J.: 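To start, I am sharing the structure in question, which I have written as structure tokens.
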Amino acid sequence: MIRENMISIVQKIAHQALVTFRSASHVGETSKAFLDNQSKLKTMVTEVRAADLKLTPRKVDSPAAAPHPYHGAPPVTYMQICETDEFSMGVFLLKTGASIPLHDHPDMHGVLKVMYGKVRITCFDRLDRSHPGDPQSQPPFQKGALSRAALRSIGEYTEESGPCILSPNRDNLHQIDAVDGPAAFLDILAPPYDPDDGRDCHYYNALPTELMETEEGVIQEAQEQPKEVWLMEISQPAEFWCGGEPYPGPEVSL
């Protein structure tokens, strides 16, 4: 038997994630059992550091790369640690100035913990009171794939910060920007993305709900950015793509 002190923290996190999100399908996401397990998972994730995953912080990218920062290399890469039917766990690495555009996590929970660097996370909630098919709920300048959302928070996170938590109904849409250099974060999603099961990743532009039209007919933002926005679904932005690289840390077995 493997002694408790020989088990890596990433193995413990993976096991707790499995327990947490497997229980959600049986006892419900508002039950005390699920919330207790989620709290244990959050505590474990709070303690993990880059060294536990054998991650070495990347150096700031060379200023000489500014005209074309990535020279064909992806601005974001992903290290997969493990994936089950219940959850996926891995590490996203962002180059200097990189951004993961505003996107959603359909019917998914998430836990995000910075390993090094600093990221700015902008979170939105969908608002259910609008109905896309109702002409009265649509702004006059754009009909189509639009829905209302509320800006929930904008926060900066470092390795000393606690994890950022998302649920199917709260903070489910977010944008992640690297701040002042490269950054990396541990990412747990439950269940994993699966287009065949209705969990595809969608990208959005956030448009202010209060707009004015100039004499030239050009739509402009009102002076103050409102907390409510329109979400317009878009294709994956051309400047964003994600590559893969090997995970160097302790093996996880489930």
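For clarity, every value in this text was computed on a predicted model and none was experimentally measured.
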J.: Flag the pair Asp171 / Asp125 as yes when at least one side-chain heavy-atom distance between them is below 4.5 Å, and no otherwise.
T.: yes
J.: Are Tyr193 and Ile234 co-members of a hydrophobic cluster defined by side-chain heavy atoms under 4.5 Å apart?
T.: no
J.: Does any N or O in the side chain of Asp187 come within less than 3.5 Å of the main-chain N or O of Val91, such that one atom is a donor and the other an acceptor?
T.: no
J.: Answer yes or no: does atom CG of Asp85 have more than 12 heavy-atom neighbours from other residues, nucleotides or ligands under 6.0 Å?
T.: no
J.: At what distance, to the nearest 0.5 angstrom, does OH of Tyr204 lie from CD of Gln175?
T.: 14.0 Å
J.: Please assess Ile100 against Val119 for the test side-chain contact (heavy atoms from CB on, under 4.5 Å), listing each intermediate value before the final yes or no.
T.: CA-CA 10 Å; Ile100 300 178; Val119 299; over 6 Å; no
J.: Measure from the side-chain N and O atoms of Gln80 to the backbone N and O of Tyr247, and report whether any donor-acceptor pair falls under 3.5 Å.
T.: no
J.: In terms of relative ring orientation, are His174 and His105 parallel, tilted or perpendicular, with 30° and 60° separating the classes?
T.: perpendicular
J.: What heavy-atom pair brings Pro182 and Lys59 nearest, and what distance separates the two atoms?
T.: CG-O, 3.5 Å
J.: Determine, stepwise, if the pair Asp52 / Val10 fulfils side-chain contact (heavy atoms from CB on, under 4.5 Å).
T.: CA-CA 7 Å; Asp52 297 315; Val10 67; over 6 Å; no
J.: Answer yes or no: is there a side-chain heavy-atom contact under 4.5 Å between Glu239 and Ser99?
T.: no
J.: Does Gln38 reach the side chain of Ile165, with side-chain heavy atoms less than 4.5 Å apart?
T.: yes
J.: Which heavy atom of Leu186 sits nearest a heavy atom of Met115, and at what distance?
T.: N-CG, 3.9 Å
J.: Is the number of heavy atoms from other residues, nucleotides or ligands under 6.0 Å of Asp36 CG greater than 12?
T.: yes
J.: With distance as the sole test, does Gln11 use its side chain to make a donor-acceptor pair with the main-chain N or O of Ser253 at under 3.5 Å?
T.: yes
J.: Roughly how far apart are Glu159 CD and Leu55 CG, rounded to 0.5 Å?
T.: 11.0 Å
J.: Taking all non-hydrogen atoms of both residues, which atom of Ala98 and which atom of Val76 are closest, and how far apart?
T.: CB-CG2, 4.3 Å
J.: Under 4.5 Å between any side-chain heavy atoms of Phe240 and His103, yes or no?
T.: no
J.: With a 4.5 Å limit on heavy-atom distance, are the side chains of Phe185 and Leu94 in contact?
T.: yes
J.: Short question: side chain of Arg199, backbone of Pro192 - any donor-acceptor pair under 3.5 Å?
T.: yes
J.: With Phe87 as reference, evaluate Leu254, Leu41, Leu189 under the side-chain contact (heavy atoms from CB on, under 4.5 Å) test and give the passing residue.
T.: Leu254
J.: For Leu35, does its backbone N or O pair with a side-chain atom of Ser39 as donor and acceptor, under 3.5 Å?
T.: no
J.: So, do Pro191 and Met108 sit near enough that their side-chain heavy atoms are less than 4.5 Å apart?
T.: yes
J.: Working to the nearest 0.5 Å, report the span between NZ of Lys113 and NZ of Lys42.
T.: 12.0 Å
J.: If you compare all heavy atoms of Arg126 against all heavy atoms of Ser147, which two are closest, and at what distance to 0.1 Å?
T.: NH1-OG, 3.2 Å
J.: Determine the minimum heavy-atom distance between Phe34 and Thr20, stating which atoms define it.
T.: CD1-O, 3.5 Å
J.: Decide whether Ile13 and Val19 are clustered together by the hydrophobic rule: side chain heavy atoms of Ile, Leu, Val, Met, Phe, Trp, Tyr closer than 4.5 Å, transitively.
T.: no
J.: Just how far is it from atom OG of Ser167 to atom CG of Asn172, taken to the nearest 0.5 Å?
T.: 7.0 Å
J.: Tracing side-chain links under 4.5 Å among I, L, V, M, F, W and Y, which residues wind up in one group with Val179?
T.: none
J.: Could you tell me whether Arg49 and Glu160 make a salt bridge, using a distance below 4.0 angstrom between a side-chain N and a carboxylate O?
T.: yes
J.: With a 4.5 Å heavy-atom cut-off, do Leu231 and Leu102 have their side chains touching?
T.: yes
J.: Would Leu166 and Val48 show up in the same hydrophobic cluster when neighbours are defined by side-chain heavy atoms closer than 4.5 Å?
T.: no
J.: Distance from Leu173 atom CG to Leu151 atom CG, nearest 0.5 Å?
T.: 11.5 Å
J.: Can you tell me how far CZ of Phe21 sits from OG1 of Thr84, rounded to the nearest 0.5 angstrom?
T.: 10.0 Å
J.: If you look at every heavy atom in Leu53 and Pro250, which pair is closest and at what distance?
T.: CA-CD, 4.2 Å
J.: With heavy-atom distances below 4.5 Å as the criterion, would you say the side chains of Met79 and Pro246 are in contact?
T.: no
